[in-house]
2 protein chains.
Amino acid sequence: MNRKSNRSGDAASPAPGRARMSDVAATAGVSLVTVSRAINEPDKVSPDTLAAVRAAIEQLGYVPNLTAGSLASSRSRIVAAIVPTISNLVFSETIEALAQTLADGGYQLLLGQSGYRAGDEMALVDTFLGRRVDGLVLTGNAQTPALRAKLKRAGVPVVQTWDLPTPPNQPIDMLVGFSNLDAGRAAAEHLLDRGHRALAFIGAEEDRSRLRLEGFRAAAAARGIDDVQAELIRPPALIDDAGPRLAQILARRPEVTAVFCNNDLLAAGVLFECTQRGWPVPGRIAVMGFGDLAVARAASPRLSTVQIRRAEMGERAGQMLLARLSGETDGPTLIDIGFEVVARAST
Amino acid sequence: MNRKSNRSGDAASPAPGRARMSDVAATAGVSLVTVSRAINEPDKVSPDTLAAVRAAIEQLGYVPNLTAGSLASSRSRIVAAIVPTISNLVFSETIEALAQTLADGGYQLLLGQSGYRAGDEMALVDTFLGRRVDGLVLTGNAQTPALRAKLKRAGVPVVQTWDLPTPPNQPIDMLVGFSNLDAGRAAAEHLLDRGHRALAFIGAEEDRSRLRLEGFRAAAAARGIDDVQAELIRPPALIDDAGPRLAQILARRPEVTAVFCNNDLLAAGVLFECTQRGWPVPGRIAVMGFGDLAVARAASPRLSTVQIRRAEMGERAGQMLLARLSGETDGPTLIDIGFEVVARAST
DNA sequence: GTGAAAGCGCTAACAT
DNA sequence: ATGTTAGCGCTTTCAC
């Protein structure tokens, strides 16, 4: 009952509803295939016909139906990406670079949020596969066995990001990331090198954050320090969680002199809390962040942090996908982009 | 040459490539239509057949081809949204709430970034219309006449967000927003009421920010203050732009005692700059933000700001769209959700 | 409650 | 350089 019913205002608009490719063909006085070619492979059409077709398209306000095209060609020109949340700034640069790289290659990005829930991730993958996306970019490598199986069966190119394969997990297909374990370790070593012995950790209760905590603890233990206070925040971890969590840590262990926060915004929250208490940083307590977001360079004092090249990660993910989609079969399928400890004033 | 070629590892996987609905039908011993019904309208199928169909789906690992479904039904169950950038936290809560509301209604969100460029917005709309999205959510109401015309011709439900219609612009279809002009005005009045006379503004060089500046200036002028220093940052405006811009303002006009920042993160950047200079806030300078993000409640001092109910905006946008898509013809099509000045410690 | 036939709007061979 | 013939995998009448 809706296919023919026009919505409300039905003024004398230039175009009569929605034109199809055959309408364009008729108007231009050519066949339907020629129109298809004029749109998709303009070189294979004579200049005159091309002009005629373009005029007809313009005149009719024709918008190609990409759904029909996808069905016929079994290529959607869509790549889907799943991130835990778009409200976390660490992901947005990766996504922006990915979207840009894909766009330059003629693909569009479909974005889904898992909310850190495995069930949601599975549901998203289902609809993405249902839409026959040409590729998939996932965050982390903690996907459930069921999900892995489904992806392999579907045969879609997949890129995992933001982590390296942590045994026993194998890469599903391609991967670009870094070792979160080593990053946590490096953060601890940085603080230990500066003489801190009473360490604390604030992060989200989530896979990659847990890995960094594990590395952080391992490095501390290697130097004989076993008591690392940790506060894990149920995601999303927001900046206004930082102050109260720091308070919790200090209530349990007042002598803490250094805290590693699992993203720079959380670290900025800790800085604000210190300002509130009138505590000098790093005099009373050293603060280290993660990510090297813009806030790390803007904070006072400037934040020491672990830099992740987030944009590069998105770009590489996009390139790997484009290479695979264009039929290239060689090229890397596992990239460790590493990380770098950046020492600034807060430690 | 690729339709039949299988990628690399071709182990004895349970499923032979990709099952179609007819395969499910054959396996379940029913007709294809029945499978379609079992998936889309389970009530209209007997419990036994339903069970049989579900078993077959499970066994074959069948994933419905939504592209084919969309083509046949001319409904995509996709709503697209365009935001300037996902790297700006003010948009993410709106988008998250929108995505959630739509998901509850059985629709998926396709996200596009315009990068604040009108040309990109047009290109995005083109591909979205090409994919026959069922609805569209746009940011702001400064769309070009060409874009407006295209949207009206296509007849898709459209919701504009984050602003009210500013003459001569009419709403394209539906709208949920607030007056950026009035919000800027209210911010100025708040600062004026606290006795400030030398005012400054830091914001992005972008439509809504400009409107807020206009309102800010108008309210100041109404009280006899004509010299409002403004710094407009070419988007994206990041937190580390704040300090340098404040410095610029002070270099031109050292007696400035209050600055209105066009988002809370920028305001946090100004707070950090003040900490750096050893300036008391609001003693030496008052700082006001916009949005009421989490950072406003976490900063030191707590930020006075203009609160926008961003999640509600996304939810309302989703509801309007769902109502329209389900055939409801009444209901509101223009909602002013307002704003609220929140006075905290920074002013 | 279930099925048979027709077609959504395009692209992919294969001609010419 | 252009056209013809077949589908892509579903949903929709309409019939039983």
Side-chain angles (χ1 to χ4, degrees), chain A residues 1-5 17-53 56-57 60 62-78 106 127 129-132 134 154, chain B residues 1-5 17-53 56-57 60 62-78 106 127 129-132 134 154:
Chain A
M1 65 184 162
N2 60 10
R3 194 177 293 201
K4 298 244 158 202
S5 73
R18 196 162 272 188
R20 284 157 301 130
M21 196 176 259
S22 56
D23 300 329
V24 176
T27 306
V30 297
S31 84
L32 190 150
V33 242
T34 304
V35 176
S36 175
R37 286 203 189 91
I39 291 171
N40 300 314
E41 315 161 287
D43 323 324
K44 299 193 168 180
V45 154
S46 84
D48 291 5
T49 21
L50 187 56
V53 170
I57 288 175
L60 298 175
Y62 170 67
V63 179
N65 186 328
L66 302 179
T67 299
S70 294
L71 181 60
S73 67
S74 54
R75 281 185 293 96
S76 62
R77 294 256 164 210
I78 290 187
T127 70
L129 291 182
R131 305 224 182 256
R132 297 300 187 265
D134 294 338
Chain B
M1 65 182 160
N2 59 10
R3 193 177 295 201
K4 298 245 160 206
S5 72
R18 198 161 273 188
R20 284 158 300 129
M21 196 177 259
S22 56
D23 301 328
V24 176
T27 305
V30 296
S31 84
L32 190 150
V33 235
T34 303
V35 176
S36 175
R37 286 202 189 92
I39 291 171
N40 300 315
E41 314 161 287
D43 323 324
K44 298 195 170 180
V45 154
S46 84
D48 291 3
T49 17
L50 187 56
V53 170
I57 288 175
L60 297 175
Y62 171 66
V63 179
N65 186 328
L66 302 179
T67 300
S70 295
L71 181 59
S73 66
S74 53
R75 281 184 292 97
S76 63
R77 294 257 163 210
I78 290 187
T127 70
L129 291 182
R131 303 222 183 259
R132 297 300 188 265
D134 294 338

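Chain A is the first sequence line, chain B the second, and so forth, proteins listed ahead of strands; every chain is numbered from 1. Values below: every heavy atom of this structure, side chains too, minus hydrogens, waters and symmetry copies.
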Under 4.0 Å from OP1 or OP2 of [N]: is there any side-chain N or O of [X] that close?
X: B:Ser73; N: D:dT11; answer: no
X: B:Ser36; N: D:dT11; answer: yes
X: B:Ser22; N: D:dC10; answer: no
X: A:Asn40; N: C:dT11; answer: yes
X: A:Ser31; N: D:dT2; answer: no
X: A:Ser74; N: D:dC8; answer: no
X: A:Tyr62; N: C:dC10; answer: yes
X: B:Ser70; N: C:dC8; answer: no

Any idea which of [options] is nearest the [X] side chain?
X: A:Met21; options: C:dG9, C:dT11, D:dT2; result: C:dT11
X: A:Ala72; options: D:dT12, C:dG9, D:dC10; result: C:dG9
X: A:Val33; options: D:dG3, C:dT2, D:dG9; result: D:dG3

Quickly work out the [X] [atom1] to [N] [atom2] distance and round it to whole Å.
X: A:Arg18; N: C:dC10; atom1: CZ; atom2: P; value: 11 Å
X: A:Arg75; N: C:dT11; atom1: CZ; atom2: P; value: 9 Å
X: A:Arg132; N: D:dG9; atom1: CZ; atom2: C1'; value: 9 Å
X: A:Lys44; N: D:dG3; atom1: NZ; atom2: C1'; value: 15 Å
X: A:Glu41; N: C:dA13; atom1: CD; atom2: P; value: 11 Å
X: A:Ile39; N: C:dC10; atom1: CD1; atom2: C1'; value: 10 Å
X: B:Arg131; N: C:dG9; atom1: CZ; atom2: C1'; value: 14 Å
X: A:Asn65; N: C:dC8; atom1: CG; atom2: P; value: 12 Å

[Y] side chain reached by [X] side chain, heavy atoms, under 4.5 Å:
X: A:Ile39; Y: A:Met21; result: yes
X: B:Arg20; Y: B:Asn65; result: no
X: B:Ile78; Y: A:Arg131; result: yes

Problem - Positive for side-chain contact (heavy atoms from CB on, under 4.5 Å) with A:Arg37, one of A:Leu50, A:Asp43, A:Val45, A:Val53 - result: A:Val45
Practice task
Would you state whether a donor and an acceptor, one from the side chain of B:Arg37 and one from the base of C:dG3, lie under 3.5 Å apart?
Solution key: yes
Completion exercise
Between A:Ser76 and A:Ser70 the two heavy atoms that sit nearest each other are CA-OG, 3.5 Å
Problem - Nearest heavy-atom neighbours spanning A:Ser22 and A:Leu32 - result: CB-CD1, 4.0 Å
Handout entry: 5'-most by nearest nucleotide on DNA chain C - B:Leu71 or B:Ser46
Key = B:Ser46
Practice task
Describe the nucleic acid contact of A:Thr49 in one word from base, sugar-phosphate, nothing, applying a heavy-atom distance below 4.0 Å.
Solution key: sugar-phosphate
Exercise for the section: Could you tell me whether B:Leu32 contacts a base, only the sugar-phosphate backbone, or nothing, with contacts defined as non-hydrogen atoms closer than 4.0 Å? Expected result: base
